[in-house]
Amino acid sequence: MSTEKVKCLIIGSGPAGYTAAIYTGRANIAPVLYEGLQPGGQLTITTEVENFPGYPEGISGTQLMEDLRKQAERFGADIRNGIATSADLSKRPYHITIDDEKVIEAETVIISTGATAKYLGLEDEQKYAGMGVSACATCDGFFYRKKTVAVVGGGDTACEEAIYLAGLAKQVYLIVRKPFLRASKIMQARVINHPNIKVLFEHNAVGLYGENGVEGVHLVKRQGESDEERYDLPIDGFFLAIGHKPNSDIFKDYLDTDEVGYIITEEGTPRTKVPGVFAAGDVADPHYRQAITAAGSGCKAAIEAERYLSANNLL
Ligand SMILES: Cc1cc2nc3c(=O)[nH]c(=O)nc-3n(C[C@H](O)[C@H](O)[C@H](O)COP(=O)(O)OP(=O)(O)OC[C@H]3O[C@@H](n4cnc5c(N)ncnc54)[C@H](O)[C@@H]3O)c2cc1C
């Protein structure tokens with residue numbers, strides 16, 4: 001297997017990875033960044049981004065990511081195709097294997113591999129992606145002002161998303177598979193008592209319909225042990241809130257993660273428990289998961305990497 005030594009390896013090409021590349025590039029560290037399966041990250045599958053500061057008219061997700069990439073390249077970042085397939089963080093230089101065929105020996109590593117939203121697995125979720133299906137209320141709720149939406153899920157996140165959307169939409173349906181909510185008591189009370197939210201217990205969404213976007217959801221309501229009722233509910237937006245999967249599997253033997261898989265860092269910093277290894281963006285953020293917060297933590301990780309290299313005479 002071929003090997004290559006680098007001062008700073010960045011894994012992932014979302015807002016966190018590209019921002020880390022801009023900062024480490026400008027610090028003259030010559031970062032190497034591997035893009036992974038989704039060059040540009042999650043924003044490349046959305047249409048309009050209206051909440052990234054600096055774009056008063058909004059910007060398309062692909063354009064924003066292309067701009068960030070160009071900005072990183074301008075300062076010398078070496079951006080490559082490839083997936084990190086395994087990692088050995090037991091000692092420095094850290095060994096990251098790319099595509100099972102090449103080992104990068106890195107003095108510092110910035111992990112910015114994101115977290116993937118979970119979907120129900122319905123074909124219609126793909127069909128209506130960006131046309132009424134969303135996994136992020138903060139990102140897309142604004143497009144559904146005074147409209148009717150459904151949120152799928154029964155945990156704290158689903159309740160939070162439902163409450164957020166209830167401040168914008170005319171009516172929110174919370175579709176819950178079980179006969180109860182898993183959320184904390186306080187969240188349950190807020191949802192149940194909210195005048196704009198109706199909870200549909202023991203309901204499953206089994207499909208979506210609509211001509212040029214989502215116009216409704218096909219529901220199945222369980223009635224007792226074996227009986228069920230099928231009906232259609234008109235909605236304009238369908239929000240998934242059934243969790244995310246942080247892309248942290250290959251690092252788990254060396255880093256602390258929470259029960260879901262989010263990498264745990266020292267509070268307020270991207271420092272992991274391994275010196276010189278930093279985690280930025282959604283992979284370490286169960287709370288905010290926004291492009292701007294990811295970019296912000298990518299910046300912090302880059303500054304940390306530069307300081308670490310400097311303190312260890314590795315520059
Ligand atoms: C449909 C949609 C719409 C959204 N809209 C908005 C919005 O309007 N505003 C907003 O602020 N946020 C929005 N978000 C959220 C935003 O996209 C994320 O918070 C942000 O992209 C997170 O950035 P990140 O850099 O942490 O990771 P991501 O953007 O998730 O990128 C992760 C990167 O890591 C790479 N990767 C993963 N595993 C590996 C590996 N093993 N090896 C190499 N590379 C790997 C992937 O290829 C990808 O490039 C939206 C999300 C979605 C899904």
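Numbering of ligands and ligand atoms starts at 1, following listing order. Residues take their numbers from the sequence shown, with the count starting at 1. Given the structure is predicted, the values throughout are model-derived calculations rather than measurements.
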Could you check atom 42 (N) of ligand 1 against the protein and tell me its nearest heavy-atom contact, residue, atom and distance included? A84 N, 2.9 Å

Nearest protein heavy atom to atom 9 (N) of ligand 1, by residue and atom, and its distance?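 The closest heavy atom on the protein side is N51 OD1, 2.8 Å.
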
Before signing off on this row, confirm whether [X] and ligand 1 have an N or O atom pair separated by under 3.5 Å.
| X | answer |
| --- | --- |
| E50 | no |
| N247 | no |
| A16 | yes |
| V49 | no |
| Q42 | yes |
| E48 | no |

Short list, please: which atoms of ligand 1 are under 4.0 Å from a heavy atom of [X]?
| X | value |
| --- | --- |
| S112 | 32 (C), 33 (C), 34 (O) |
| S13 | 33 (C), 34 (O), 48 (C), 49 (O) |
| G12 | 33 (C), 34 (O), 35 (C), 44 (N) |
| I11 | 42 (N), 43 (C), 44 (N) |
| L37 | 47 (O) |

side-chain contact (heavy atoms from CB on, under 4.5 Å) test vs N312 passes for just one of L314, L309, L315, namely L314

Pairing of [X] and [Y] as salt bridge, 4.0 angstrom limit:
| X | Y | answer |
| --- | --- | --- |
| E228 | R230 | yes |
| R69 | D67 | no |
| E304 | R271 | yes |

Is there a heavy atom of A117 sitting under 4.0 angstrom from any atom of ligand 1? no

Measure the distances from the heavy atoms of P15 to every atom of ligand 1 and state whether one is below 4.0 angstrom. yes

Do the side chains of K198 and Q171 get nearer than 4.5 Å, heavy atoms only?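 Answer yes - side chains close enough.
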
Verify whether the ring centers belonging to Y231 and H203 lie closer than 6.0 Å.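 Yes, the ring centres sit under 6.0 Å apart.
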
Output field: ring centroids F239/Y144 closer than 6.0 Å: yes

Determine, considering heavy atoms only, which of S248, C139, G114, A280 sits nearest to atom 14 (N) of ligand 1.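 Heavy atom nearest to atom 14 (N) of ligand 1 belongs to C139.
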
